[in-house]
Amino acid sequence: MTRLLRMIALILAVALSAGAARAQSADEAFTRLGADSFSDTNRAIELLIAGAHPQAAVIIEALAEGRLLAGGGAVVVKTKDGKLLDARTGAALASEPPGLNPVRLNNGVRRNIQAALGGLGLLNPDTAKRIAAAEAVFKSRDVSLLPVIETAISRETDTRAKAALRQAQAAILIAKTDAPPFDRLAAVDVLRERGDQDALATLRSLPGDASPALKDAQARAVADIEGKLALWRTVQNLWYGLSLGSVLLLAAIGLAITFGVMGVINMAHGEMVMLGAYTTFIVQEVIRARFPGLFDYSLAIALPLAFLVAGLVGIAIERGVIRFLYGRPLETLLATWGISLILQQAVRTAFGPTNREVGAPNFMSGAFELGGLAITWNRLWIIVFAALVFAALLAILKLTPIGLQMRAVTQNRRMASAMGIRTGRVDALTFGLGSGVAGLAGVALSQIDNVSPNLGQSYIIDSFMVVVFGGVGNLWGTLVGALTLGIANKLLEPYAGAVLGKIALLVFIILFIQKRPRGLFALKGRAVEA
Amino acid sequence: AAQETIKVGILHSLSGTMAISETTLKDVMLMLIEEQNKKGGVLGKKLEAVVVDPASNWPLFAEKARELIAKDKVSAVFGCWTSVSRKSVLPVFKELNSVLFYPVQYEGEESERNVFYTGAAPNQQAIPAVDYLAKEEKVQRWVLAGTDYVYPRTTNKILEAYLKSKGVPAEDIMINYTPFGHSDWQTIVSDIKKFGSAGKKTAVVSTINGDANVPFYKELGNQGIKATDIPVVAFSVGEEELAGIDTKPLLGHLAAWNYFQSVKTPENEAFIKQWKAYKKSDKAVTNDPMEAHVIGFAMWVKAVEKAKSTDPDKVIDALPGIEAPNLTGGISKMLPNHHITKPVLIGEIKADGQFDVVSKTGLVAGDAWSKELDGSKDLVGDWVEKKCGNFNVKTGKCGGA
Amino acid sequence: MSTALMSTSTPTLTSSLLYLDGVSVSFDGFKAIRGLSLVIAPGEMRAIIGPNGAGKTTMMDIITGKTRPDAGTVMFGGSVDLTRLDEAAIANLGIGRKFQKPTVFDFHTIEDNILLALKSKRTVRRTLFWKTANADQKRIDHILGVIKLGDARARLAGSLSHGQKQWLEIGMLLAQDPKLLLVDEPAAGMTDGETAETAVLLKEIARDHSVIVVEHDMGFIRELGVKVTVLHEGSVLAEGPLDQVSANERVVEVYLGR
Amino acid sequence: MITRFLIQGMDKRGLVFLCLIAAIAVLVPLANLLLPPGSLFHVPTSTMSLWGKYLCYALLAISLDLVWGYCGILSLGHGAFFALGGYAMGMYLMRQIGSRGTYGNPILPDFMVFLNWSELPWYWYGFSSFPFAMLMVLAVPGLLAFVFGWFAFRSRVTGVYLSIITQALTYALLLAFFRNDMGFGGNNGLTDFKDILGFNVQAQTTRAALFAMTCIMLIAGFLIARGIVVSKLGKVVIAIRDAESRTRFLGYRVDRFKLFVFTVSACMAGVAGALYVPQVGIINPSEFAPANSIETVIWVAVGGRGTLVGAALGAVVVNYAKTVFTSGFMAPYWLFALGALFVLVTLFMPKGILGTAQDWWSKRRKPEPVATAEPAPAE
Amino acid sequence: MLSVDAIDLHYGAAQALRRVSVAAEIGKVTCVMGRNGVGKTTLMRAIVGHQAISSGRISFSGEDISKLRSEDRARAGIAYVPQGREVFPLLSVKENLETGYAPLKRRDRYVPDELFDLFPVLKSMLGRRGGDLSGGQQQQLAIARALVTRPKLLVLDEPTEGIQPSVIKDIGRAIDYLRQKGDMAIVLVEQYFDFARDLADTMFVMDRGEVVLSGQMKDLDANQVQRLIQV
Ligand SMILES: Nc1ncnc2c1ncn2[C@@H]1O[C@H](COP(=O)(O)OP(=O)(O)OP(=O)(O)O)[C@@H](O)[C@H]1O
Ligand SMILES: Nc1ncnc2c1ncn2[C@@H]1O[C@H](COP(=O)(O)OP(=O)(O)OP(=O)(O)O)[C@@H](O)[C@H]1O
Ligand SMILES: [Mg+2]
Ligand SMILES: [Mg+2]
């Protein structure tokens, strides 16, 4: 392994140090590392590589990970398991020299390290690393790496890695005016094949002195890619819309129960969402402190708990306040507003006014590409989750006896009780269910938004819009309403901007309600007026 | 004994949307006052804090300011965060002639007799940050992203003018505004990504305010925008905001302030220790506006002692020229335009939610009026000689009034 | 259709007060009214009977503008197309209605309920500066007497019993003084004695008004002694004097029972 | 006819209210101006301007009660009309600054100068004239309400649907006014006023005059609202609230009645906003915040829906409570107190303070059967 | 079975029932008559628990139920067909019927076929929403819904209101059939004298909140009853 690295460093040294003085002493590099200055650190990296220092790879890696310590003339590598090595020799140190501090990094240094490691990575045995390295070169378009790339291409067996290397080569060739014209034409084709934003940018950087044939090819390639990208952009916007829609759906669906089904103008709905988010926070705190290994399951653990917490609080609110207000829906507005103030302040008092950190488990971090579509994992999971919650709720409401009882009770409480339905219990359960679902939404929203006492407030208006837009009392309406508003918002945003887009959407809702005064999925007929 | 105290008003929102930022400022003031009392108070009298909650509601700010001054008869008020809250209390301070210490970075374009601005003016934050990016990161393309209100608008105007004066072409500047509390950043982040993939080094200058930052950074992290590709430098994100985010994906993004908790000076270490003890929490963080209050409070104490009175007129006259140590190892001075001198620090976000200072300037004097804007480039504030907040050096006249 | 006793006179548009021809309406695919034709002459009182769900109430909904027909003509006074007008406009033409389920203004006193129904200009300005004239007050008192709620005039209508609300509705209809009265089941929930009284009242009204009455109480219909139309599944099954229709096999089968 | 309209059927409660406000209108400014600060009956300027603010809110509450309590239109966007009236007044006050702004520009307000605006947008024209501005105070909210209501009522949007689109309306306006490009000062709004009709807004006498004016407008607003609700139109409107379609079958054009009441109410809210601005010294988009409108609804509910006087009372009580709770040791916990107040009022005073007091009163005097039915819920 | 002993009931300050006593037996039809507004519906509400009584006692199967909530009375076996039908407007006919399952054991949760024999219209309208039905159809649904709970006491408030003559006869036959079955007591409020006379075993006549005449139908003088319920 070390031998391999040394060899790479050697090759790189040849490539990089074309004009640089070869005979720099390694000492200078080590002095510079101890100087606590970013430019010195950068220079030191260059020197180490140029000088083909045997420890270069180890040192640079340690530097990247903050394990390189310097001070008092000594430079020390701390291994991953905590042992101290002398950076110059790689020999183990008996005792820690005094005055050591980690060598600091900034973005400039980090980029240099990346480039260095990227260059080093072109011949890395790990295919993924090679591809990453080729990507890095594609971006840096560093002419001096051309020979290394060519060597790498000739050796490469993996098709994906080979393609990546070819693209990197093409990116360099495009700009290289003294390259053979035929190669540059081929490069245009390679880039056209790649067809993404970066390829476009690279193609555009074609120097002005190119031959007419090359310019022509480039122009066609650019047009081709632009067309394709425009299409993808629409798809991407639709995806964003879907994702925003699913967030709206999650936020609103609990309200579709407490407000839509029960008719309680539930201003404390947002606070139920907030409670769900804080439950997630607490779960993660406990996990961080006690069972760090479970972190990836933290959301799964939080889900039932959030449902319970929010649901129980919901039941308490129903039993304590709302049940005295049936038949007086407007008063529920007043009471639940009061409750929402109390809950907000309670959370503020208990957890402080500032945001709380809720981390993302690994499976929800990062993104992947699907064609020209960048999909972030957290959004994808939220969409899936929203769909599941929706389906479950629909099933409960439509297929179970309790669902039937919920609807009967809210339509005519007195008659329902005369049918032997335990209205009190049904009311409490319904409100608890709506609140619990809001709690579930809180778990999901904690992944994309602030966890602060104000969390709920920011969703309450949108939630009401969604429920009303879709048609009160209709779960499907809430679904379609949320998705429509989400997608419309995201399709508008690129043209109108976030603010005007939102205003346009609100105006749209106002106008839409004129057309359908009872929402998208309006109930019609006598039954409604009865 | 009631007459023996000097009352100090604290006007920070403890509820509503701004509580998230302002509550700690109330606490820090209480701590400072307690500390001062341990030292024997001021002019031989104890200080007494009067806390009110303007609840993030602008008219309520004015009402509470009036209450503090007229009813509670406080000698000075420390408070406000947003510009609009300051604007809404301004007439009250003028009418009732009292003193306000305003601790937050803001858009400038103001110099009032009754207000002392201990936060940064744009030239103490924005411009040095851009300079840093241009020089250290070789940034050529700029995204100016902000929440749509006056501070970002003005700051971006100033930056745009500044960048253009440095030869940045218009197509390399992208300006984007979002509403308060914006939470769905998918489109904008992907736009930034697109803007940044044009081959030139790109950076984002963020004046995104408050709560909107968390989802913004989360989205950045998720879409995999790393600081080494497109660094973001923020003017409103401090330790407190970062406490709510998983900072690992944000490593290397930047913030420009006049203070970071991570600055290693004896003053700062003492302050952090004191703060943690006061909050009884080892996790308590400090931030820039807190430092501004520390400086402002120290200056006020000195001025009162110098004037031997808490009479607002005397204190206002005494304040310019007063010096007080800041926590980053220098001595800040109150200027005749009621702004102070401060160093500008650029920090990179570390994995532990703290900042690593990567650049620090010497003391920069705060400009009340921006040199980059047409309307204000000829204006200066000078309450010592000219007794005027907006003296026009061209016409030699004092504006307004 | 069986050997229905169809009306012999061909309906003419101009001579009629109300003219329905070929009216159809369906709800979610269910045809509640199919090809209904009906003509009411000025000053005529007509009784309409028919099974539950035959479309009697729906027909009134169509006439009063609550439901828009899918097809057909609905004309009033020979020239006004009712399908183009909204409820208020139709009411102002002089068509008044008593609902099957009594609907009164619960939070108004009984007297105010009558006052609101009282014939007058319904514009914003007139109502804003309204002053109850003596004649109006007399008329209100008179109506309160007729519906026997004079003693309860200051009570809120919401506190009335079901039957009392029925009376109040009739009172409101009287106050409106419309050209055409649509009366949906006036005797429902009334005692036999009251039913008889209602019949007398209606006959009196019918002297100078046109009236359409829907009822299931055959005694009551007989009392009225007017031409009867039998609806069934949304269209006319039979028409004629009560004795004649009640002898009709089909009518007995679908409606009267044995 | 007008006087008859205004005083018809005046009851004891209304009279007491009127006398009280009239007395305040005279006594408070006098006590502020004439009595020395040390005197027992001296009213400090800060108290007077505080109460001036409450009374503006009271007028807003009355305007909302008119549409909600009597007509059943639960407007969650009344703050918008209030704010528009306020902006109209604010624009007048801005124009009065003239060249005394910080940049000394005789035409452009400061915020336009530093955002490099070169000329005054057309919609600012005319606002330097007081009569024009006052006309706009009525016309802008009135017109918006008229247009909005014309569409909404004709389309028969009712109940929560109407409530939510009024909320959407105020929310859209909030976002729009936040935009600096709109030319209304963005988030900072309009502030730093100097004169009104040539008098310094800060001066004690001006404040006293504004206070008195607020009282007068409150009286006027109350009389108009009362005149409307006790007239036959008021009965129609209540009928609409309880059984809208039945009213239609009686021949009333429900949409016109609603439109009339809604527009009148919006104008009243606009006047309240216009009086509010010079007294608090700032108007900014947060007045459009949906939460503000909801809070107005709550004042009305607390005071007693459908009682007018109660609405005014509710506005004063809630805001007074806010003032008290947000100071002193309660400050960090005041939301608990306010929240509890709302919950307790709903539970124990279902008809609001005034409604409950009234019930209690009438129960003591003559027992009367009460209907247990409720007004048709807004779903 | 059911015995109502000297109950008083108030709406606010107004007294609606004064020392009313009524009894109903299993296998018998007990009929309550009276003019509009005399308190018949109020009495029924008191029995099913929709309105609290201020004094007196209501007992069912020997137990005092005056304090029970309405749902517990339903579970004890009281079913109610209210005046004005009160079907659940947005539930389908089928779902309306299924609301009657609440007090039943799991194995009893089905709609007996005989219901559809009694009211054949319902069978063809199972999917339609209750609120869309015509008035008479709703009335039939309301009766059927009450029967789904297999009650021991069936309380019918003016079940013939708005019903076509043939169905009135059907309902009469149905009530008669239920009486014959002998497993439930039936309380019937009726205004339609002929109908009541044909069905009733026992008769109570009310006036102004009081029972003014009561007895076995066969013992009563029809003219006297009719006079009482005339104006
Ligand atoms: N909105 C609707 N949706 C579906 N079906 C409806 C609707 N309105 C009415 N119907 C159906 O149309 C038919 C006619 O109803 P209508 O109320 O007119 O009958 P009716 O003759 O008045 O009966 P009744 O004598 O029982 O009052 C009924 O079968 C009813 O179920
Ligand atoms: N909710 C209520 N509030 C106040 N009073 C009421 C209420 N409901 C009924 N009443 C009054 O109680 C009395 C009895 O009413 P109830 O409904 O029991 O009469 P009823 O005998 O059923 O009459 P009907 O034959 O008209 O149905 C009536 O005078 C009525 O006005
Ligand atoms: Mg009918
Ligand atoms: Mg009854």
Side-chain angles (χ1 to χ4, degrees), chain B residues 14-16 23 26 50-64 66-72 82-84 87-92 94-96 107 109-111 147-151 153-154 157 177 179-180 369-370 373-376 379 389-390 392 395 397-401, chain D residues 44-47 49-50 53 97 99-105 108 110-117 174-175 178-181 185-194 200-203 276 279-287 289 291-292 322-323 325-335:
Chain B
L14 311 178
S15 55
T23 310
K26 175 211 74 176
V50 184
V51 179
V52 291
D53 178 11
S56 313
N57 174 325
W58 321 136
L60 205 55
F61 262 94
E63 179 190 322
K64 290 286 144 188
R66 192 172 283 278
E67 184 182 314
L68 284 175
I69 304 169
K71 198 165 132 252
D72 296 315
T82 56
S83 277
V84 51
K87 291 265 185 219
S88 81
V89 301
L90 242 171
V92 179
K94 281 204 257 185
E95 181 190 341
L96 304 178
E107 67 274 8
E109 304 297 299
E110 195 180 296
S111 173
T147 301
D148 190 7
Y149 73 108
V150 177
Y151 169 65
R153 286 260 174 193
T154 320
K157 273 252 147 51
Y177 291 105
F180 277 95
W369 304 97
S370 175
L373 297 180
D374 287 341
S376 63
L379 298 181
N390 50 351
N392 192 318
T395 62
K397 273 198 257 166
C398 186
Chain D
T45 312
S46 64
T47 312
S49 60
L50 196 57
K53 190 170 101 172
I97 297 174
S99 58
R100 285 168 296 172
T102 40
Y103 301 103
N105 188 316
L108 297 185
D110 285 346
F111 66 86
M112 292 192 189
V113 178
F114 80 71
L115 290 178
N116 294 345
W117 290 55
L174 169 79
L175 293 172
F178 259 129
R179 298 185 66 234
N180 280 278
D181 294 343
N187 177 42
N188 279 7
L190 310 177
T191 176
D192 210 12
F193 308 131
K194 304 260 193 293
N200 182 352
V201 265
Q202 309 277 3
Y276 171 87
Q279 295 188 72
V280 301
I282 185 169
I283 175 76
N284 122 315
S286 64
E287 298 298 338
N292 279 22
K322 252 181 151 173
T323 301
F325 293 158
T326 48
S327 309
F329 73 101
M330 277 292 286
Y333 308 106
W334 70 278
L335 281 177

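No experiment lies behind these values; they were computed from the predicted model shown.
Using modelled atom types, one finds no donor on one side chain facing an acceptor on the other under 3.5 Å when comparing B:K71 with D:S46.
Between D:N187 atom CG and B:T147 atom OG1 the span is 10.0 Å, to the nearest 0.5 Å. Interatomic distance, D:L175 CG to B:F180 CZ, rounded to the nearest 0.5 Å: 11.0 Å. In this structure, the separation between OH on B:Y177 and CZ on D:F178 is 15.0 Å, given to the nearest 0.5 Å.
Ranked by non-hydrogen atom pairs under 4.5 Å with chain D, the options B:A62, B:S111, B:G389, B:P91 are led by B:P91. Residue with the most contacts toward chain D among B:V51, B:T23, B:V92, B:L373: B:V51 (heavy-atom pairs, distance under 4.5 Å). Among D:I97, D:T45, D:L335, D:I282, the residue with the largest count of heavy-atom pairs under 4.5 Å with chain B is D:I282. Note on B:E63, B:K157, B:K87, B:E67: by heavy-atom pairs under 4.5 Å with chain D, the leading option is B:E63. Interface summary for chain D: among B:E110, B:K397, B:E109, the most heavy-atom pairs under 4.5 angstrom belong to B:E109. With respect to chain B, the highest number of heavy-atom pairs below 4.5 Å among D:V113, D:D192, D:N200, D:N180 belongs to D:N180. For the set D:A289, D:S286, D:G281, the count of heavy-atom pairs under 4.5 angstrom toward chain B peaks at D:S286. For the options B:D374, B:L90, B:T154, B:D72, heavy-atom pairs under 4.5 Å to chain D are most numerous at B:T154.
Contact between B:R153 and D:D181 at its shortest, heavy atoms only, is NH1-OD1, 3.1 Å. Residue D:N188 comes nearest to B:E107 through the heavy atom pair ND2-OE2, 3.9 Å, listed as atom of the first residue, atom of the second, then distance. Closest approach of B:V150 and D:G185 over heavy atoms only: CG2-O, 4.0 Å. The minimum heavy-atom distance linking D:T102 with B:N390 is given by the pair O-ND2, 2.5 Å. Pairing each heavy atom of D:K53 with each of B:P59, the nearest pair is NZ-O, 4.0 Å.
At a 4.5 Å heavy-atom cutoff, the contact between D:T323 and chain B is made by backbone and side-chain atoms alike. The part of D:Y276 that comes within reach of chain B is its side chain, from C-beta onward, which places non-hydrogen atoms under 4.5 angstrom from that chain. Contact of D:N284 with chain B is made through the side chain alone, with heavy-atom distances under 4.5 Å.
Within the 4.5 Å cutoff, no side-chain heavy atoms of B:D53 are placed close to those of D:K322. With contacts defined as side-chain heavy-atom distances shorter than 4.5 Å, the pair D:V201/B:E95 does not qualify.
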